[in-house]
Amino acid sequence: MYAWNARPDPSRSPTGRLCPQGILFVLYTGIAWQKLPVELGLCFGQTCRRQLRRRREAGVFDALHRVLLAELNAARLNDRTCACGNAATCT
């Protein structure tokens, strides 16, 4: 049993491990947060939505974007010859 001031390992908590899986599932499938299937054993949809908002506000995704771009540039895999500003200019 935990003491009142002790915190459990965040990697074992539902929000530390299962919410990212739930967030990816919702973003990939396009379902509503409330429709996240309980059978998957993930967090509730609203919990995942709150965690996504908190991580976005904390700058997690901006940092992830910078790291991914740096790694792509280092591996010379960041080919921008086919990039476009919007869908109207894509060929």
Side-chain angles (χ1 to χ4, degrees):
M1 182 178 285
Y2 293 108
W4 284 103
N5 60 355
R7 292 185 175 185
D9 181 10
S11 65
R12 296 184 59 166
S13 72
T15 56
R17 184 172 32 101
L18 298 176
C19 273
Q21 293 174 12
I23 291 168
L24 289 174
F25 184 85
V26 169
L27 295 177
Y28 182 76
T29 60
I31 65 170
W33 292 106
Q34 297 85 358
K35 303 273 185 188
L36 186 63
V38 178
E39 295 83 17
L40 295 177
L42 304 173
C43 291
F44 291 108
Q46 293 302 318
T47 304
C48 292
R49 186 183 62 81
R50 280 193 303 271
Q51 288 296 320
L52 176 64
R53 185 183 69 235
R54 287 179 186 147
R55 292 171 188 192
R56 186 185 69 235
E57 290 171 354
V60 171
F61 297 108
D62 292 333
L64 177 63
H65 186 240
R66 284 192 299 273
V67 168
L68 288 174
L69 283 178
E71 289 191 15
L72 286 172
N73 286 332
R76 297 184 182 264
L77 295 173
N78 194 5
D79 181 17
R80 296 184 185 180
T81 59
C82 61
C84 61
N86 59 33
T89 61
C90 291
T91 57

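This structure is a prediction, so every number in the text was calculated from the model and none was measured.
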Exercise. Applying the 4.5 Å side-chain criterion to the ILVMFWY set and letting contacts propagate, would Leu24 and Leu52 be lumped into a single cluster?
Worked result: no
Seminar exercise, completed: Heavy-atom nearest pair, Pro37 first then Ile31, reads CD-CD1, 4.0 Å
For this session: Please report the closest heavy-atom contact between Gly22 and Leu42, naming both atoms and the distance.
Result: CA-CD1, 3.6 Å
Exercise. In Å and rounded to the nearest 0.5 Å, what is the CZ to CZ distance from Arg49 to Arg54?
Worked result: 10.0 Å
For this session: Take Cys48 and Val26 through the side-chain contact (heavy atoms from CB on, under 4.5 Å) test and state the conclusion after the steps.
Result: CA-CA 9 Å; Cys48 292; Val26 169; 5.8 Å; no
Problem set entry | Leu68 CG to Leu72 CG distance, which is reported to the nearest 0.5 Å | 6.5 Å
Exercise. Does Leu40 belong to the same Ile/Leu/Val/Met/Phe/Trp/Tyr cluster as Leu27, with side-chain heavy atoms less than 4.5 Å apart forming each link?
Worked result: yes
Exercise. Between atom CZ of Phe25 and atom NZ of Lys35, what is the distance when rounded to the nearest 0.5 Å?
Worked result: 13.0 Å
Exercise. Are Trp33 and Thr47 side-chain neighbours, meaning at least one heavy-atom pair lies under 4.5 Å?
Worked result: no
